J.: 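Could you have a look at this structure, given as structure tokens, before my questions?
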Amino acid sequence: MTQQMATPLTADHTHLLHGLNADQQTAVTTIEGPVLVVAGPGSGKTRVLTHRIAYLIEACQVPPERILAVTFTNKAAREMRERIGRLLGDGAAEGLVMGTFHSFGARLLRQNPGLVADRLGILPNFVIYDDADQLAMAKQAIINVGLDPKQVAPRRMLSRISAAKALLLEPAEFEASVETYDDEVVARVYREYQRLLRRSNAVDFDDLLGLPIRLFDEAPSLLERYQERFLHILVDEYQDTNRVQYVLVAALAAKHRNLFVVGDPDQSIYGWRQADIRNILDFEREFPDAKRIHLELNYRSTRRIVEAADLVIRENTQRIDRRLRTENEDGEPIVIQELSDQNHEATWIRDRIARLIQQHGLSPDDFAVMYRTTAQSRVIEQAFRNSSIPYRVVGGVRFYDRKEIKDVLAVLRLLHNPADEVSLSRVIENMPIGRGLGPKAIEAIRSWAVLNGRPLLDGFIALADPSAFADAPDLSGSTKAAAAKLGSLFATLRSDAERLTLSELFDRIVDRTGYEASFDREDEEAMERWANVLELRNDLAEYDVLPPGEALPTYLEQVSLITDIDSLDKANQGGVTLITLHSAKGLEFPVVFIAGVEEGLLPISRAIEMEFSDPMPLEEERRLFYVGITRAQKLLFITCATTRLVYGQYQTSVPSRFLASLPRAETNTRSARLPRARGSTGLIERTRRGSGTSWQSPAIPREEPAPVAAPKPPTPPSYRVGQRVFHPKFGEGVILEVSDRRDDQEVAVMFKRHGQKRLIASLAPLEVLDD
DNA sequence: GAATGCATGGTTTTT
DNA sequence: CCATGCATTC
């Protein structure tokens with residue numbers, strides 16, 4: 001074995017092992033050969049990873065640039081880097097390669113532009129298409145092969161294509177494996193989709209994983225270089241990797257074989273994204289000399305929470321049997337609460353949070369509300385909006401997914417890659433500069449572009465500046481003028497881009513495209529959207545320090561790989577976190593609410609439908625619930641609604657079968673409808689329900705679980721209509737209305753300067769001025 | 001070719 | 001309920 005892998009020479013690396021238990025220490029110091037760590041939730045897996053990297057660098061003298069660490073999100077990578085920095089001191093980990101599979105793939109392609117162009121036919125200025133771009137492309141592909149996007153769902157095509165790519169099947173190979181007529185349709189669409197993608201000089205997310213492998217196939221010496229380089233490879237969240245990711249990792253690790261993977265099969269929740277749980281279950285078969293280490297001691301949660309999680313996950317059949325343990329205190333009972341509908345659910349959660357903040361000195365940051373579908377976030381967000389509790393929504397409509405943001409980004413992308421057809425269509429459809437141009441015009445210019453072997457945008461420029469090209473697309477009249485105008489604008493912007501900073505470029509773009517002027521200053525919503533556009537300017541300005549030629553590509557790369565969870569700590573700091581169960585993986589909070597724990601939602605209806613033909617999706621739903629439970633450190637609340645608004649109609653809901661696994665003795669439950677002991681199906685409606693209004697959430701205040709950290713609960717002040725009050729932020733006001741809400745009050749106050757506000761009595765720092 | 005109004009159908013999760 | 005897409009109108 002190589003010299004770099006020698007055992008530590010100097011003795012004093014105890015600080016790197018300090019505070020770790022025996023299993024964790026083994027995981028940190030077992031540095032040779034393949035290692036599989038099966039780590040339960042809260043068992044200190046991030047600590048193990050960071051300490052191991054620090055140990056490799058400091059104790060084993062492995063140069064940081066020879067370590068590759070793959071994480072699930074960029075945020076995880078960033079945090080880990082910080083923690084390593086703290087262990088080793090600044091700069092000691094300089095050169096460490098750490099990021100997601102996708103960012104690693106993108107980086108690899110960017111770093112080998114010559115080979116990529118030569119062997120894969122992709123030019124260095126390629127763009128990465130996001131979900132919406134891919135959808136647009138799939139739709140176009142369906143139309144191009146003579147099918148109707150209304151009958152052949154683009155979404156479904158995309159997921160089939162993605163599945164094919166996850167198995168490294170190219171269109172030709174997929175065609176060879178066609179079995180049904182539907183497969184044949186997919187094959188045709190896939191082929192066309194891929195053709196359009198390459199014509200736009202674009203790659204999709206799956207390509208970021210698949211193309212590096214193809215590149216290695218085409219250029220074995222490149223693979224050898226990477227194999228030689230990475231002495232140690234670490235992979236986090238290994239249970240959520242797919243086939244391509246496995247192939248990539250196995251290829252890179254083939255030489256030195258120091259592959260360290262960490263995961264928890266019980267937290268595998270990305271099967272729908274082709275994550276292949278076999279990667280972790282079969283690790284030892286793939287690497288027979290692998291050492292396996294189990295981390296089962298939970299440091300995160302109370303005993304009640306850990307045991308509840310264990311009981312829930314035990315019901316799954318497809319798993320390695322093991323038992324979660326903890327030495328933590330019992331903690332409080334888990335509260336299960338049924339509410340009459342989704343609005344009551346939301347306000348109940350909000351009010352409970354308000355009370356906990358008020359009575360137990362907790363901060364809004366300590367709370368998370370989790371749900372299965374993003375649609376659920378709306379009502380919950382609404383409830384918080386009507387309160388003074390700060391909150392933030394993770395997921396949902398992301399900043400970079402907003403239409404107005406994508407519009408401006410489309411111009412930037414087009415400047416970077418003039419072949420980008422999705423972005424060009426976007427600009428034409430949404431910006432004033434596109435007026436007078438339709439599909440007809442684009443088609444005429446495209447035929448010119450294809451004939452001349454030029455990117456689409458050049459056709460527009462040829463019309464604007466006939467001297468630059470031998471001929472021009474065949475257009476006339478107003479269409480020609482409109483196309484020429486767009487062409488001339490882009491010619492100008494392109495030269496601007498070479499010398500201006502991104503924020504200066506931004507100013508020109510919104511001015512010259514007429515985009516800024518298209519926002520109606522009288523229209524409040526339009527102004528809000530314009531404010532978002534200006535926010536994008538701030539974002540761009542962060543790259544102004546880079547030289548003009550470099551800033552744009554760097555920025556675009558960063559944007560296409562960023563996710564909402566990545567910006568979780570950057571954007572609007574503080575507040576209650578509203579988050580999907582999927583996004584919550586890897587996070588932890590003192591107090592967790594899981595909302596909508598109902599049949600059809602968790603488990604989701606699609607998993608129920610196929611329960612008997614394929615039980616895997618249902619088991620994945622259960623794992624999702626398990627992930628949610630195990631995010632909680634101290635307090636766990638689970639809610640469900642009796643009726644729920646679905647597509648604008650109220651539907652009766654049945655509490656989730658998963659609740660049957662929870663021990664009644666350890667929970668605080670009122671509803672008789674909740675599934676009882678294990679074994680009982682628990683999903684058949686057992687209680688008679690009337691119109692849906694017959695059931696009311698208990699109005700009587702119940703015994704509260706004892707405080708987390710127990711300061712005495714101050715009595716909430718009592719307010720009267722007409723009282724004059726003072727608020728530190730809103731100033732002086734008069735109480736208009738007082739309404740009781742369970743054990744608290746809500747007051748409507750008319751402030752002199754800030755208008756009417758609704759405040760929670762116990763929360764708002766109101767001072768009574770006269771009585 | 002663009003603005004307005006109606007019908008339709010869609011919600012699982014995300015790098 | 002909502003957003004999107006299409007048809008109708010000018």
Side-chain angles (χ1 to χ4, degrees), chain A residues 70-77 99-106 128-132 134-136 139 148-151 153-156 158-159 162 165-166 203-210 237 240-242 244-245 268-275 342 370-379 382 394-398 400-401 403 428-429 432 434-441 477-479 482 559-566 579-586 596 600-610 617-618 620-621 623-625 627-628 644-651:
Chain A
V70 186
T71 58
F72 195 70
T73 63
N74 292 303
K75 175 173 179 269
T100 62
F101 274 105
H102 293 88
S103 63
F104 174 73
I128 301 165
Y129 271 0
D130 71 11
D131 187 60
Q134 289 177 44
L135 203 60
K139 205 164 161 185
D148 181 358
K150 271 187 296 193
Q151 297 187 1
R155 254 268 92 87
R156 195 174 65 83
L158 216 46
S159 92
S162 179
K165 289 190 176 192
V203 303
D204 63 18
F205 282 123
D206 298 302
D207 287 338
L208 291 177
L209 309 173
E237 308 281 12
D240 285 323
T241 53
N242 65 23
V244 197
Q245 290 166 330
S268 159
I269 54 175
Y270 284 92
W272 52 274
R273 220 172 69 190
Q274 324 309 322
Q342 74 286 339
M370 302 178 184
Y371 34 79
R372 175 66 235 263
T373 67
T374 45
Q376 289 168 260
S377 69
R378 277 192 62 202
V379 237
Q382 195 58 47
V394 181
V397 182
R398 306 176 206 182
Y400 295 104
D401 284 347
K403 182 181 167 296
I428 288 174
E429 278 164 30
R435 291 266 163 80
L437 294 170
K440 258 189 342 192
S478 63
T479 316
V559 163
S560 49
L561 293 175
I562 204 163
T563 64
D564 217 48
I565 192 119
D566 292 335
I579 194 168
T580 62
L581 287 162
H582 279 91
S583 300
K585 190 184 65 166
L601 222 42
L602 187 67
I604 200 92
S605 43
R606 281 172 74 140
I608 298 174
E609 282 161 25
M610 57 173 85
L618 197 72
E620 185 155 306
E621 294 295 305
R623 291 195 291 269
L624 205 44
F625 187 43
V627 165
R644 184 173 289 277
L645 199 59
V646 183
Y647 292 144
Q649 287 210 315
Y650 273 98
Q651 288 183 2

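The structure displayed is predicted, hence computed values, not measured ones. In the text below, chain A, chain B and the rest are named by the order of the sequence lines, each starting its count at 1.
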J.: For the pair made of NE2 in A:His102 and P in B:dT14, what is the distance, rounded to whole Å?
T.: 14 Å

J.: Considering only B:dT15, B:dT13, B:dA3, which nucleotide approaches the side chain of A:Arg435 most closely?
T.: B:dA3

J.: A:Arg155 side chain N/O closer than 4.0 Å to the phosphate oxygens (OP1, OP2) of B:dG10?
T.: no

J.: Side-chain N or O of A:Arg273 less than 4.0 angstrom from OP1 or OP2 on B:dT15?
T.: no

J.: Which nucleotide in the list B:dT15, B:dT14, C:dC2 gets nearest to the side chain of A:His582?
T.: B:dT14

J.: Just checking A:Lys403: base, sugar-phosphate only, or nothing, at a heavy-atom cut-off of under 4.0 Å?
T.: nothing

J.: Parallel, tilted or perpendicular, judged at 30° and 60°: which one describes the rings of A:His582 and A:Trp272?
T.: perpendicular

J.: Is the backbone of A:Leu581 close enough, under 3.5 Å, to the side chain of A:Tyr371 for a donor and an acceptor to pair up by distance?
T.: no

J.: Look at the side chain of A:Lys139 and decide which nucleotide, out of B:dT13, C:dG5, B:dT15, has an atom nearest to it.
T.: C:dG5

J.: Base, sugar-phosphate, or nothing: which does A:Phe101 touch, judged by heavy atoms less than 4.0 Å apart?
T.: nothing

J.: Taking the side chain as everything from C-beta on, heavy atoms only, tell me whether A:Glu237 gets closer than 4.5 Å to A:Thr71.
T.: no

J.: Would you mind telling me which of B:dT15, B:dT13, C:dC2 lies closest to the side-chain atoms of A:Arg372?
T.: B:dT13

J.: Between atom CD in A:Gln376 and atom P in B:dT13, what is the gap in whole Å?
T.: 9 Å

J.: Determine whether a donor-acceptor pair (one donor, one acceptor, N or O, separation below 3.5 Å) exists between the side chain of A:Trp272 and the base of B:dT13.
T.: yes

J.: Is a salt bridge present between A:Glu620 and A:Arg623, judged by a nitrogen-to-oxygen distance below 4.0 Å?
T.: yes

J.: Might you work through the side chain to side chain contact (heavy atoms under 4.5 Å, CB included) test for A:Leu601 and A:Gln376, ending with a clear yes or no?
T.: CA-CA 10 Å; A:Leu601 222 42; A:Gln376 289 168 260; 3.8 Å; yes

J.: Measure the distance from CD on A:Gln649 to P on C:dC1 and round it to the nearest whole Å.
T.: 10 Å

J.: So, are A:Arg155 and A:Asp131 salt-bridged, with charged N and O less than 4.0 Å apart?
T.: yes

J.: Calculate the interatomic distance between A:Asp204 atom CG and B:dT14 atom C1'; express it in whole Å.
T.: 14 Å

J.: So, OP1 or OP2 of B:dT15: does either fall under 4.0 Å of a side-chain N or O from A:Ser103?
T.: no

J.: Distance check: side-chain N/O of A:Ser583 vs OP1/OP2 of B:dT14, anything under 4.0 Å?
T.: yes

J.: By nearest heavy atom, map A:Ala441 and A:Arg606 onto DNA chain B; which one lands nearer the 5' end?
T.: A:Ala441

J.: Can a side chain N or O of A:Thr580 be found less than 4.0 Å away from OP1 or OP2 on B:dT14?
T.: yes

J.: Rounded to the nearest Å, what distance is computed from the CZ atom of residue A:Arg623 to the P atom of nucleotide B:dT12?
T.: 19 Å

J.: Round to a whole Å and report the spacing from CG of A:Leu135 to C1' of C:dG5.
T.: 14 Å

J.: Grab the CD-C1' distance between A:Gln151 and B:dG9 for me, whole Å please.
T.: 14 Å

J.: With nearest nucleotides of DNA chain B determined for A:Ile269 and A:Lys150 from heavy-atom distances, which residue corresponds to the more 5′ nucleotide?
T.: A:Lys150

J.: When the P atoms of B:dT13 and C:dT4 are considered, how many whole Å apart are they?
T.: 16 Å

J.: A:Lys585 side chain N/O closer than 4.0 Å to the phosphate oxygens (OP1, OP2) of B:dT14?
T.: no

J.: What integer distance in Å separates A:Lys75:NZ from B:dT14:P?
T.: 15 Å

J.: Which one, B:dT12, B:dT15, C:dG5, comes nearest to the side chain of A:Glu621?
T.: B:dT12

